[in-house]
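Every value quoted in this text rests on a predicted model; they were computed, and no experiment measured them. Proteins get letters first, then strands, A, B, ... in listed order; numbering begins at 1 in each.
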Number of protein chains: 2
Amino acid sequence: MVSIRDISSKCGLSVSTVSKALNGYSYVKEETRRKVIETAKELGYVPNASARALKTNRTFTLGILFADDQHNGLTHLYFSHVLNSFKSEAEERGYNITFIHKRYGKQTITLLQNCKFRGIEGVCIACVEPDEPEVQELAGSDVPVVSIDYIFPGCGCVLSDNRNDMSELVRYVHSKGHKKIAFVHGTDSYVTQQRINGYVDTMRGLGLEIKREYMLESLYANPHTAKKATEKLLRMEDRPTCILLPDDVSAFGAIEAIREAGLKVPEDISITGYDGVVYSQLIYPRLATIRQDTGRIGREAAKLLIFNIKHAQNPNLVPIVIKGELLAEQSVGFAR
Amino acid sequence: MVSIRDISSKCGLSVSTVSKALNGYSYVKEETRRKVIETAKELGYVPNASARALKTNRTFTLGILFADDQHNGLTHLYFSHVLNSFKSEAEERGYNITFIHKRYGKQTITLLQNCKFRGIEGVCIACVEPDEPEVQELAGSDVPVVSIDYIFPGCGCVLSDNRNDMSELVRYVHSKGHKKIAFVHGTDSYVTQQRINGYVDTMRGLGLEIKREYMLESLYANPHTAKKATEKLLRMEDRPTCILLPDDVSAFGAIEAIREAGLKVPEDISITGYDGVVYSQLIYPRLATIRQDTGRIGREAAKLLIFNIKHAQNPNLVPIVIKGELLAEQSVGFAR
DNA sequence: CTGAAAGCGCTTACAG
DNA sequence: CTGAAAGCGCTTACAG
């Protein structure tokens, strides 16, 4: 590997001058700079990130912590979109992306130790069990953290506008004449709380009855538990005319249950999804849903994290809320 | 940050002894080792990866190059699954994962330079425009490369068994009585070539006519171009009784075209997908398709890459072929 | 079994 | 504008 020293001897200059010329700092005679750069190219010089990091204490590396309760990880349709835009934005700003894990050779260390070890400058936490002690430790450490769809005290965060988006969804369904609106919600979490609040308050505001039996729990992104919940709702004497599902994948499960019951969407019963993944718009009937602006969520998260790295003494902790978009599609019909 | 030097002074030992004790090499008195480890824990010592890498020339970091022609990147359903298992396997073996890109601060460098700069030990190339000069440069360099679904000369690779899987699909469709089998294939690539070969040879072997008009090109993972191609096939006088699509996402486009033509799957026309993504089994009719073993593909790629890093002088370049699984589902009916 | 010394490749005050 | 020197935190022959 050719080093700065090779350039220096070839040019007859000191190592420090070469370093300055290469990095464009301080005063270096234009001619000298040109000669150095030319020689570097000629020799195929590539700097050594480890050496630089050791000296400057900067790695320009952001970590991603990314694992949901069902271990979908990267295959989670919603979060893979968020991650994708996070990555683009971060790379554009000169940062590298890596994944945080617990391995250290053949041993196991904590997530925080892994970050320290590798000199990771900041971490984006998404789609993770926030109650895990190691995640808490990381979020409470001096490593800047930005979370998505969850609030860690003292950390920046980007949130989708669950409460208001949910409210909009309920109002839309109501505008189609529905009064008996069931809500199959995800398991308990910050997001779920927000959505339940949006649902309950809006129902109340519209003067609609909130039936305890109309609110069922199901795992996120799990069509099977969603199917079960839907079946339960369909069996009720006074069954709902519309079912709100926790996400689009769950909606696929609901559709299956409805079809197996010999019913049709939206003629016999209406449903909605959540997230607005591409598949929800490729089926018939197209799914009424909330399309999350995953591009903005990821980009804002990257920007915020980088900002907070630069302003570690005075980070921006105000939640950034990203509004979703109602897709008023075919799976909601007029209530009869 | 507490360093090895802090431990050494606290213990009254030399830095070298501390290093040896911590790393478990060479002879260190058991008592000494215990004292060092205890003090390290007490002080909250975490090693410095940059310093170690600078000295040992090893980063234990694998790079991912990952961008398809349509810039789906991480959101590509098939490849995100492959990546997910690649990541698990690599991390279990003590390697870190990062993404390769062209940024160097505010400047742009080549992919190979980025790898050299960051000391990346090996790269997994997936879902990329293999003809790009920078990708070629990387694949032809001394950095070990493993590719997925593509063969770079001199590099290891993991391939799905496109030719045989395609053949199995055609034979399955034929077993249901279909003779007029159209093939909407993806744009030209290694994978496409293999599948076309599988299609053509099997059709021929079954004594079926191969109509030039039955073979149409469409972008991968693009429901819109697939829909267009399907519409074209449906308008033909002598239209096919079954259409093979390039992937499951495309199949969604085909289904739309068929529905809009007032026809039904599989009663009026049969279709198949490819890849076996989860959504293909959540719709009605469930999609007949080839389910790729993305878990194995990713794991084998990681294992192979790590093997080739360790055996750089004598790498394993024999393609690893991973068979898919035929899902004989509802979207193919009996030909009338 | 332990330690002194060199050095990985770079950056950066400091002096000139 | 240029250079000598120190040092980032670690590992590793080598000597004892």
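For A/Leu54 and C/dC10, the CG to C1' distance is 8 Å, given to the nearest whole Å. We find that CG of B/Asn23 is positioned 8 Å from P of D/dT12, with the value rounded to whole Å. Put simply, OH on A/Tyr27 is 16 Å from C1' on C/dC14, counting in whole angstrom units. We find that CG of B/Asn57 is positioned 20 Å from P of D/dG9, with the value rounded to whole Å. One atom, CZ of B/Arg118, and another, P of C/dC10, lie 17 Å apart when rounded to the nearest Å. For the pair A/Lys20 NZ and C/dA15 C1', the interatomic distance rounds to 11 Å; values are reported in whole Å.
The shortest distance between the side-chain N/O atoms of A/Thr56 and the OP1/OP2 oxygens of C/dT12 is not below 4.0 Å. The shortest distance between the side-chain N/O atoms of A/Thr17 and the OP1/OP2 oxygens of D/dG3 is below 4.0 Å. Look at B/Ser3 and you won't find any side-chain N or O under 4.0 angstrom from OP1 or OP2 of D/dC8. OP1 or OP2 of D/dT11 lies within a sub-4.0 Å distance of a side-chain N or O belonging to B/Arg52. For C/dG3, neither phosphate oxygen OP1 nor OP2 lies less than 4.0 angstrom from any side-chain nitrogen or oxygen of B/Ser16.
Looking at B/Lys55, its side chain has no donor and acceptor atom pair within 3.5 Å of the base of C/dG9.
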